[in-house]
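To start, the structure itself, in structure tokens.
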Amino acid sequence: MSAKDHLSLEKLDNWRWKIPRTGAMRTDGIIYAAEKMLHAIRQDQAMDQVANVACLPGIVGYSMAMPDIHWGYGFPIGGVAAFSMEEGIVSPGGVGYDINCGVRLMTTHLKARELGTEKIRDLVTALFRNIPSGVGSSRKDFRLSEAELDRVLLKGAQWAVSIGFGEAADLERIEEGGCISWADPDQVSAKARERGRSQLGTLGSGNHFVEIGVVEEIYEDKTAEVFGLFQGQLTVFVHTGSRGLGHQVCDDFIRVLLKSTEKYGIDLPDKQLCCAPVSSSEGQSYLGAMGAAANFAFANRQMISHWVRETFEQFFGQSSERLGLSLLYDVCHNMAKIEEHEWQGRRRKLCVHRKGATRAFAAGHEAVPAAYRSVGQPVLIPGDMGRYSYVLVGTDRAMQDTFGSTCHGAGRVLSRHQAVKSAKGRSIFKEMEERGVFVLGASKATLVEEMPEAYKDVSDVVDVVAQAGISRPVAKLRPLGVMKG
């Protein structure tokens, strides 16, 4: 049964829709969407999942979903929910399997028009050689000892920088400084460690990518200047997460928290929302393991960025400093974070789940890097490989309405199976070339599954969050060359 059969939606304004509290719901659900998006949203169980999350103990505010909403495990992808530290819960379904899947944007001094099509092809090919990608990909030249893996899980990107992968200045421009301070490597299982040990510094598969792009349009001159963006600029996106290690952490703790749900007498509308009180030993163990997996992801993106820099240096015969290849920002998508927020006139410490959603803190917030504090946190929104991506900035409205959260990307509209069926008899590679985008994938199947029409138009998604005031567009980027997993 789809949501259209039993859930009602009330229009709050042109960009927000309410699922009224009913039955076991402890609060209302709020979906950020344009009216034209609602038909697609109603086709799977994502709306039901918004309502189900509203049933969880200790929820503060609303159960929310961003306009890139689609069905996920437990929570919808695009889901945001905050929970009280005293009565609330933490749930792996509110984080997802790819813990700290995230995206970072690197900028250069280069102008895209100076490269031309052939150089873009050669540059993407060089990146493809230097960065392992695809299902189960691993580095043959880099394997961690048990002690070194512990340091990765404890220190994240800080560990990577300490052994020469990048520079200290990078850490100032990564969410949480590239290190979750409450990570507990002891909570990560032997199986998760083994799955991750050879995968550090690899892209993985699916929607993960390294993308060469160009800044096509600037919307806010002052903010763009603070971020170091200019029209025509060559940029690099890196999108990946915690690989097999994070997936196994999620798998391990779903089993643990299914038992905890029974132990603590928590009544669930869906077992995929298995959880434990934030303050419980099980809840703290999951947070510790999740933090360690998040640190693995931070280190992973940091190492890939190092190899991006090396590739650029070899390709252009200049240092990365001369090329101006620097990190603009790195944001997380799949995380539960302990944060302080104002809610109904009261300052509260909360466990904020963002699954397929991005933090969007406003100007002046202490968690925003000093270099950007005058304008707000950079928000990076990748689209599909054939259209656009965006750089946004966090707002005061986001702090008031969504616990400083916004969308994370375009959001799928076709399953991978549907995409394969739709692409039968077509050459996605040639279609992309006709759009002026050179793509390389570890497999043809990945390119088919990731074809542009498998996703919503990210411009529509960004328009919703902009009109709702929870983030503001700063720049639009267009892909020129894409390396897929």
Side-chain angles (χ1 to χ4, degrees), residues 72-75 77 90-104 131-139 142-144 148-160 165 174-210 238-254 285-305 330-337 353-359 382 408-409 485:
Y73 184 94
F75 278 51
I77 295 165
V90 62
S91 172
V95 173
Y97 275 90
D98 194 357
I99 295 167
N100 188 9
C101 178
V103 62
R104 59 171 49 196
I131 302 167
S133 63
V135 177
S137 53
S138 62
R139 289 202 74 92
F142 189 88
R143 189 170 174 86
L144 298 166
E148 201 72 3
L149 179 56
D150 269 344
R151 286 191 278 272
V152 173
L153 299 178
L154 195 61
K155 292 295 184 181
Q158 294 178 10
W159 166 85
F165 291 100
I174 305 175
E175 190 170 328
E176 301 297 334
C179 176
I180 302 299
S181 60
W182 31 264
D184 185 355
D186 290 343
Q187 303 302 327
V188 178
S189 70
K191 186 174 181 180
R193 288 165 176 269
E194 190 53 37
R195 288 187 66 180
R197 193 185 310 281
S198 64
Q199 293 186 333
L200 194 62
T202 67
L203 193 63
S205 62
N207 64 344
H208 296 152
F209 62 82
V210 176
V238 176
H239 177 210
T240 190
S242 50
R243 305 289 280 111
L245 184 141
H247 191 284
Q248 190 61 47
V249 164
C250 182
D251 217 32
D252 291 340
F253 275 90
I254 283 171
S285 292
Y286 170 67
L287 283 170
M290 187 208 68
N295 284 344
F296 187 93
F298 280 136
N300 193 30
R301 292 196 290 275
Q302 185 65 31
M303 292 173 73
I304 289 173
S305 296
D330 178 307
V331 294
C332 314
H333 293 159
N334 296 348
M335 289 285 285
K337 303 274 283 295
H353 294 62
R354 298 185 183 94
K355 179 182 181 179
T358 304
R359 201 180 73 173
H408 90 303

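Throughout, numbering of the chain's residues begins at 1 and tracks the sequence.
Between the Glu175 side chain and the Cys332 main chain, a donor and an acceptor come within less than 3.5 Å of each other. Side-chain atoms of Asn300 come within 3.5 Å of backbone atoms of Thr202 as a donor-acceptor pair (strictly under, hydrogens ignored). With Ser242 contributing its side chain and Leu245 its backbone, the two residues share no donor-acceptor pair below 3.5 Å. No donor-acceptor distance shorter than 3.5 angstrom exists from the side chain of Arg359 to the backbone of Val331, with no hydrogens or angles considered.
Taking each heavy atom of Met335 and Ile180 in turn, the nearest pair found is CE-CD1, 3.6 Å. Closest non-hydrogen pair, Ala183 versus Leu154, comes out as O-CD1, 3.9 Å. Contact record, Pro382 with Val103: CD-CG1, 4.2 Å, taken as the closest heavy-atom pair. When all heavy atoms of Ala192 and Asp252 are compared, the closest pair comes out as CB-OD2, 4.3 Å. Here the shortest heavy-atom pairing between Trp182 and Lys337 reads CZ2-CA, 4.4 Å. Considering every non-hydrogen atom in both Ala160 and Gln302, the closest pair reads CB-CG, 3.6 Å.
Shown are Met303, Glu148, Arg243; of these, the side chain to side chain contact (heavy atoms under 4.5 Å, CB included) with Leu200 is made only by Met303.
Here Asp186 contributes atom CG and Asp150 contributes atom CG; the two are 7.0 Å apart, rounded to the nearest 0.5 Å. Taken from NE2 in His408 to CG in Asn334, the straight-line distance is 6.5 Å, to the nearest 0.5 Å.
Below 30°, between 30° and 60°, or above 60°: for Tyr97 and Tyr73 the angle between ring planes is above 60°, a perpendicular geometry.
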**Study point:** Intermediate values then yes/no, side chain to side chain contact (heavy atoms under 4.5 Å, CB included), Cys101 and His208
**Key:** CA-CA 9 Å; Cys101 178; His208 296 152; 3.7 Å; yes
Side chain to side chain contact (heavy atoms under 4.5 Å, CB included) between Ile77 and Lys355: does it pass, once the steps are laid out? CA-CA 6 Å; Ile77 295 165; Lys355 179 182 181 179; 4.2 Å; yes
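By the 4.0 Å N-to-carboxylate-O rule, Lys191 lies too far from Glu194 to be salt-bridged with it.
For the residue pair Gln248 and Arg193, no side-chain donor N or O sits within less than 3.5 Å of a side-chain acceptor on the partner.
Between His333 and His239, the gap from one ring centroid to the other is short of 6.0 Å.
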